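From a predicted model like this one, the values you see are computed outputs, not experimental measurements. Reminder, nothing fancy here: chain letters follow the sequence lines and each chain counts from 1.
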Amino acid sequence: MRIVLGVLGLAALAFGAWLAFPLAKDIFAWFIGPPVLDDAVVLPIAGLLSLAVARWTTTAWRWPLHFGIGSTAVIAFLAVTEAWRPYGFPPKPGLHDRDYVTGTLITLAVLWAVVVLAGLLRTRSARRRPM
Amino acid sequence: MVRRTPEVLTRLQDSANRAQDKAFGLLKFKSLVHDPRVTSRVGTWLGIAFTICFVTGVLSHFIQHPAPWFYWPSRPINLYRITQGAHVISGVAAIPLLIAKLWTVYPKLFERPAVKSLLHALERISILVLAGAAFFELATGTFNAAQNYPWSFFFPTAHYAVAWVAFGSLLVHIAVKLPLIREHRRKEIDVSRRAFLRTTWLTSGVAVLVFGGSTIPFLRNVSALSERSNNGEQGLPVNRTAAQANVVTVDSSWRLEVAGPNGTTLFSREQLQSMRQTTAALPIACVEGWSQTATWSGVPVMDLLKAVGAPAGSAVRVSSLERAGLYNSTTLPGVHTSDPLTLLALRLEGKVLDLDHGYPCRIIAPSRPGVLQTKWVRRLEVIT
């Protein structure tokens with residue numbers, strides 16, 4: 001099983017490398033940049049926030065806050081693709097023609113309302129739990 | 001002096017090493033989620049998401065660039081809509097999964113020594129390739145869904161090439177880690193680790209919720225970042241406008257050319273309207289992931305082929321009035337031309353086609369990418 005997977009993987013990898021080789025110069029920054037950004041910026045920030053949440057909040061709030069922070073980061077990335085468009089196609093009838101900034105802010109407001117509600121409910125439930 | 005230089009260098013090296021060890025010493029990863037039991041579980045879902053993405057992406061590539069051995073059916077009519085929708089949804093869901101997976105193994109980045117052996121070095125390089133290719137696919141794919149291109153390369157070519165790199169390195173990674181994955185997936189996990197996994201699944205769900213409305217109809221009014229709205233002409237989004245295609249007006253002198261085995265026959269729009277009309281609810285399913293069903297009326301392509309004496313099931317080259325676009329000429333395979341729901345559409349939702357939707361007529365066929373549903377049709381040519 002492992003040998004089959006390994007051989008198929010190496011074959012696919014070699015085919016992909018052959019296809020990608022002529023584009024190497026153009027795609028290099030988009031190939032190396034995101035993992036470096038992830039390791040050097042995104043994950044350290046995630047670690048610091050995680051540390052802050054662990055240090056300054058109670059257990060009941062921990063996971064709702066992690067969920068809120070993680071989802072905010074993902075929503076922010078997805079919002080960039082629609083809201084920041086100097087290289088994008090202009091809006092067309094029915095496509096890319098919504099107010100993405102307002103939509104994102106409303107989504108974040110709903111998300112954080114859910115986070116606060118979950119935190120409060122978990123706190124209440126923790127207080128009621130017999131020691 | 002000459003004798004002391006190596007000593008100074010050694011001291012400097014020692015103090016640099018001490019400083020480095022101190023710095024790494026500060027990085028104490030105490031979180032319970034840096035654990036192979038968590039990694040193997042997130043990794044399994046990430047592997048599933050990437051496999052769906054890869055398979056559906058390769059299918060989409062071959063539908064647009066068919067190899068002689070490739071077969072793509074015309075039914076069910078929503079098949080391409082489902083596969084391409086699954087492509088985009090699984091890609092978006094994979095973004096939080098990838099970041100969570102990398103977070104669970106983050107301490108490994110600071111392992112000392114950085115390279116233990118040649119095999120270890122190769123493994124670390126292969127993981128960099130996997131991470132690079134995975135991020136490349138997810139980042140460029142998301143920007144493409146938004147039709148936003150902050151790079152100089154041609155997206156379809158690069159996305160397809162790197163997909164093979166990503167999937168190949170994923171398979172190699174699984175082959176290397178399979179015993180570990182099996183071992184740790186069997187082990188129980190505690191409440192904290194379970195909470196991390198639930199948070200990851202929920203974050204993936206949020207990503208799908210805010211982005212998936214273009215693909216999943218009931219999310220349309222919830223997804224704030226869905227690329228499509230309900231503002232399109234005749235209730236349908238327009239991916240390429242007539243102005244973009246340089247098709248400004250089409251007057252009454254327009255004739256459809258149908259080249260068959262007995263020469264070329266011309267049809268006016270009135271003649272087409274007088275032929276047997278078929279009305280069908282068919283989806284437009286775009287490669288960027290959005291889709292929408294609409295009611296189309298027009299002449300079945302099989303009737304036109306019959307009218308010019310071409311055998312049923314012939315492949316047809318469709319040419320547009322658009323002169324310069326990448327998709328101004330497409331090929332309808334025999335499996336589609338023999339489907340009675342493959343139409344040369346004249347009407348949309350009971351009204352004459354808007355110019356932006358392809359007036360005077362356009363192709364609409366079941367289970368085909370939107371870019372191949374040629375608009376402003378000028379000529380049909382039987383090629384087999």
Given a strict heavy-atom distance threshold of 4.5 Å, which part of [X] is in contact with chain B: side chain, backbone, both, or neither?
X: A/Val7; answer: neither
X: A/Thr107; answer: side chain
X: A/Leu23; answer: side chain
X: A/Pro44; answer: both
X: A/Trp84; answer: both
X: A/Arg85; answer: both
X: A/Phe77; answer: side chain

State, to 0.1 Å, how close [X] and [Y] come at their nearest heavy-atom pair, and which atoms those are.
X: A/Met1; Y: B/Arg182; answer: CG-NH2, 4.2 Å
X: B/Ala224; Y: A/Gly103; answer: CB-O, 3.4 Å
X: B/Pro237; Y: A/Gly94; answer: CB-O, 3.8 Å
X: A/Ile27; Y: B/Ala158; answer: CG2-CB, 4.0 Å
X: A/Lys92; Y: B/Asn239; answer: NZ-O, 2.7 Å
X: B/Ala161; Y: A/Leu19; answer: CB-CB, 3.5 Å

Problem - A/Pro93 and its side chain to side chain contact (heavy atoms under 4.5 Å, CB included) partner, picked from B/Thr241, B/Asp354, B/Asn231 - result: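 Only one option passes, and that is B/Thr241.
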Would you compute the distance between atom [atom1] of [X] and atom [atom2] of [Y] and round it to the nearest 0.5 angstrom?
X: B/Ser126; Y: A/Leu13; atom1: OG; atom2: CG; result: 9.0 Å
X: A/Arg62; Y: B/Thr199; atom1: CZ; atom2: OG1; result: 12.0 Å
X: A/Glu82; Y: B/Glu227; atom1: CD; atom2: CD; result: 6.5 Å
X: B/Phe135; Y: A/Asp38; atom1: CZ; atom2: CG; result: 3.5 Å
X: A/Leu78; Y: B/Ser226; atom1: CG; atom2: OG; result: 12.0 Å
X: A/Arg2; Y: B/Leu178; atom1: CZ; atom2: CG; result: 6.5 Å

Problem - Neighbour count >12 (heavy atoms, 6.0 Å) for atom CZ, B/Phe62 - result: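 Buried by this count: over 12 neighbours within 6.0 Å.
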Between [options], which shows the greatest number of heavy-atom pairs under 4.5 Å with chain B?
options: A/Asp39, A/Thr59, A/Thr102; value: A/Asp39
options: A/Pro22, A/Gly47, A/Ala14, A/Pro86; value: A/Gly47
options: A/Val74, A/Leu5, A/Leu43, A/Leu51; value: A/Leu43
options: A/Tyr87, A/Phe67, A/Phe15; value: A/Tyr87

Practice task
Could you tell me how the ring of B/Phe153 sits relative to the ring of A/Trp30: parallel (under 30°), tilted (30 to 60°) or perpendicular (over 60°)?
Solution key: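 Ring orientation of B/Phe153 relative to A/Trp30: perpendicular.
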Problem - Region of B/Glu288 that comes under 4.5 Å of a non-hydrogen atom in chain A - result: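 For B/Glu288, there is no contact with chain A at all, as no heavy atom is under 4.5 Å.
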Problem - Under 4.5 Å from any heavy atom of chain A - which part of B/Tyr106 - result: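 Contact with chain A is through the side chain of B/Tyr106 alone.
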Which one of [options] has the most heavy-atom pairs closer than 4.5 Å to chain A?
options: B/Leu138, B/Ile174, B/Leu102, B/Thr140; answer: B/Leu102
options: B/Pro179, B/Gly132, B/Gly232, B/Ala100; answer: B/Gly132
options: B/Leu225, B/Val206, B/Leu128, B/Val162; answer: B/Leu225
options: B/Val176, B/Thr200, B/Thr142; answer: B/Thr142
options: B/Phe167, B/Phe196, B/Phe211; answer: B/Phe196
options: B/Asp356, B/Val129, B/Leu170; answer: B/Val129

Practice task
Would you check if B/Val238 and A/Leu95 make a side-chain contact, meaning some heavy-atom pair closer than 4.5 Å?
Solution key: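 They are not in side-chain contact.
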Exercise for the section: Report yes or no: do A/Asp97 and B/Ser229 form a side-chain donor-acceptor pair below 3.5 Å? Expected result: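 Present: a donor and an acceptor within the cut-off.
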